[in-house]
Enquirer: 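I am attaching a structure below and will ask some questions about it afterwards.
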Amino acid sequence: MELTEQEIIRRQKLEELQKQGIEAYPADLWEVNFSSTEMLSGFDTNPDKFSNISFAGRIMSVRDMGKAAFAVLQDAVGRIQIYVRRDDICQGEDKSAYDTVFKKLLDIGDIIGVKGFVFKTKTGETSIHVKELKLLSKSLRPLPVVKQDADGNTHDAFTDPEMRYRQRYLDLIVNPQVKDAFVKRTQLTSSMRHFLNAKGYMEVETPILQPLYGGAAARPFKTHHNTLDMTLYLRIANELYLKRLIVGGFDGVYEFAKDFRNEGMSRFHNPEFTQVELYVAYKDYEWMMNLVEEMVEKIALDLHGKTEIPVGEHIINFKRPWKRFTMYEAIAHYTGVDITTMDEDALATAARGMGIHIDKTMGRGKMIDEIFGEKVEAHLIQPTFITDYPVEMSPLAKKHRSKPGLVERFEAICNGKEICNAFSELNDPIDQRKRFEEQLELGIRGDEEAMQLDEDFLRALEFGMPPTAGLGIGIDRLSMIMTNSHSIQDVLFFPQMRPEKKEVQEEAN
RNA sequence: GAUUCCGUAGCUCAGCUGGUAGAGCAAUACACUUUUAAUGUAUGGGUCCUGGGUUCGAGUCCCAGCGGGAUCACCA
């Protein structure tokens, strides 16, 4: 490995520290009694509280004034200025702790511990006056130094998306707003978990390695178990396992699930992503719509303190109740064409009239889906429920109680994208078998995303599953909206990337 | 997968019709005991993504590849 000039210098400093008997990576704990924000927000009203503080953080910048210096330390929640005076940290005649160790051997990026008191500088900045300073971890690589001027403009920002995603740790260190998005994401799942727990539903874990993949239409990742000598798939959904638990007698179960789909990548798609799925016995999809509204409204309030949230060009308002359209109403509303009573031929003609490409393999359901995707979805900016989907597209949803050819299903669309998908679950085992068989036929005709027939799941249904409402929410998509992020990569700590260099991969193999 | 833009110092970038590379920050050295994009002076630092080609000469032009972004397609 070739070292750069600055890396060589830092390693030399490390040696010099060792020579002076200073451990660059000490083992003992360093007590921290206040965070940066606690000091910054608390000092004005209660200065006495901070007369003896112990703090730790990463050096983000240094302003060296000769025999005194200012530096900025960053901890997990913010940044605070420290003031280091030579005669304070060197009590005796020996001034090397300041002149050599602090000024020469410490760098931007190093993690240090300081003790002292909080005070206000001449210019009014709340700062730590350091009495004692200790190196806690030496940094061997130079940190990009991002500067902020008096007007709040950022200079030399660390922006290269490739480096930001590959070296997320670095992104998190130097770009505080990046951290904010991830904190919000965690608040989101936490808010959701509290909501579901408060309703009495049980958080469960189900297999990620599955012998049959089911519960969605997608291509899976395939792997192999050596001892069992069998093919296993990474789950594309956990629906069929959660329903087995409803059969088993649980009233409400949910799981935050990493799912895996072996498909294209885009700013909305990562090969592994997170969904929460929820199943509640004795409920239907109407009930579930109310739950989704209530839950998402609460999330908005928990994250932002209000229901209106800026997303790109728009302000999205999650306040209940949300608009509700049936699929047919939505299409009629945005295209002016009522397709309710159209047969397949009439529908094909109507779709072509809208400029939608139709081919012979498409059934009625697929055509409706195309029309919706092309002509309606992008217009739905404010949260909107679309209900009553064609049965062909929904092999796990229950037939509509009054509308032939449709199922009791809804999606919530927001900012032109689906954020959840739910139905009254199909619990008729005879019907479910038929639907699986139709999927098998699709598979034989070459549909790589057709569902597999899961005999054990059917056996479970044959024992009897109560009427059940089921829901899946894309956590990544919802996080994007709640954090106003343009790309899924901004809400995933480590988005999938190609290997950095070919040589690296070859060496590893 | 398609289109398009990009890849130059640790970071952010400039580099014209081709003439063997430049700034700011960071680094090094010196000065400065309340600064805040601290300041002043001096210095060092480059496989110009990789490999070919054209040319007397390529960071620049051409071809191929690698990596990334955006848009589209795919993905309910």
Enquirer: Which parts of nucleotides 46-51 of chain B does protein reach within less than 4.0 Å, heavy atoms only, written one letter per nucleotide 5' to 3' as B for base, S for sugar-phosphate only and - for none?
Expert: ------
Enquirer: When you compare the protein's N or O atoms with those of nucleotides 2-9 of chain B, which come within less than 3.5 Å of each other, and at what distance?
Expert:
none

Enquirer: Within this structure, what is the CG-to-C1' distance between A/Leu3 and B/rU28, rounded to whole angstrom?
Expert: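 To the nearest whole Å, that distance equals 17 Å.
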Enquirer: Parallel, tilted or perpendicular: which fits the ring planes of A/Tyr83 and A/Phe119, with parallel below 30° and perpendicular above 60°?
Expert: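 Correct class here is tilted.
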Enquirer: Look at the side chain of A/Thr159 and the base of B/rU12, then say whether one donor and one acceptor between them are separated by less than 3.5 Å.
Expert: no
Enquirer: What protein N or O atoms touch nucleotides 69-71 of chain B N or O atoms at under 3.5 angstrom, if any, and at what distances?
Expert:
| from | atom 1 | to | atom 2 | distance (Å) |
| --- | --- | --- | --- | --- |
| B/rG69 | OP1 | A/Gln489 | OE1 | 2.7 |
| B/rG69 | OP1 | A/Gln489 | NE2 | 3.3 |
| B/rU71 | OP1 | A/Arg267 | NE | 3.2 |
| B/rU71 | OP1 | A/His486 | NE2 | 3.1 |
| B/rU71 | OP2 | A/Arg267 | NE | 3.3 |

Enquirer: Using the test ring-ring contact (aromatic ring centres under 6.0 Å, His included), find all partners of A/Phe50 that sit at least two apart in sequence or belong to another chain.
Expert: A/Phe34
Enquirer: Applying side chain to side chain donor-acceptor pair (under 3.5 Å), name anything that partners A/Gln452, two or more places apart in sequence or on another chain.
Expert: none
Enquirer: Name all residues meeting the side chain to side chain donor-acceptor pair (under 3.5 Å) criterion together with A/Arg219; count only those two or more places apart in sequence or in a different chain, and write none if there are none.
Expert: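 If we apply the side chain to side chain donor-acceptor pair (under 3.5 Å) test to A/Arg219, skipping adjacent residues, there are no hits.
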Enquirer: Check whether any side-chain nitrogen or oxygen of A/Arg498 sits under 4.0 Å from OP1 or OP2 of B/rG67, and answer yes or no.
Expert: yes
Enquirer: If the condition is ring-ring contact (aromatic ring centres under 6.0 Å, His included), which residues does A/Phe372 pass it with, not counting sequence neighbours?
Expert: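 ring-ring contact (aromatic ring centres under 6.0 Å, His included) check on A/Phe372 returns nothing, list empty.
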Enquirer: Near RNA chain B, counting only heavy atoms under 4.0 Å, which residues of residues 65-82 of chain A show up?
Expert: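 Within this stretch, A/Met65, A/Gly66, A/Lys67, A/Ala68, A/Phe70, A/Gln81 sit under 4.0 Å of the strand.
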Enquirer: With heavy atoms under 4.0 Å as the rule, sort A/Lys120 into base, sugar-phosphate or nothing.
Expert: nothing
Enquirer: Restricting to ring-ring contact (aromatic ring centres under 6.0 Å, His included), what partner residues turn up for A/Tyr233, sequence neighbours left out?
Expert: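 Listed in chain order: A/Tyr213.
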Enquirer: Does A/Glu162 have any side chain to side chain donor-acceptor pair (under 3.5 Å) partners at least two apart in sequence or in another chain, and if so, which?
Expert: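 Per chain and number, A/Glu162 pairs via side chain to side chain donor-acceptor pair (under 3.5 Å) with A/Arg166.
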Enquirer: Tell me whether the side-chain N/O atoms of A/Arg85 come closer than 4.0 Å to OP1 or OP2 in B/rU34.
Expert: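 The answer is no; no side-chain N or O of A/Arg85 sits under 4.0 Å from OP1 or OP2.
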Enquirer: Quick one: side chain to side chain donor-acceptor pair (under 3.5 Å) partners of A/Asn153, sequence neighbours excluded?
Expert: A/Asp149
Enquirer: Indicate, yes or no, whether a donor-acceptor pair under 3.5 Å links the base of B/rC32 to the side chain of A/Asp64.
Expert: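 Indeed there is one.
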Enquirer: Between B/rA26 and A/Gln6, counting only base atoms on the nucleotide and side-chain atoms on the residue, is there a donor-acceptor pair under 3.5 Å?
Expert: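 Side chain to base: pair present.
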Enquirer: For residues 55-73 of chain A, run the donor-acceptor check on the side chains, cut-off 3.5 Å, and write out each pair with its distance to 0.1 Å, sequence neighbours left out.
Expert:
| from | atom 1 | to | atom 2 | distance (Å) |
| --- | --- | --- | --- | --- |
| A/Arg58 | NH1 | A/Gly109 | O | 2.9 |
| A/Arg63 | NH2 | A/Gln81 | OE1 | 2.6 |
| A/Asp64 | OD1 | A/Gly66 | N | 3.0 |

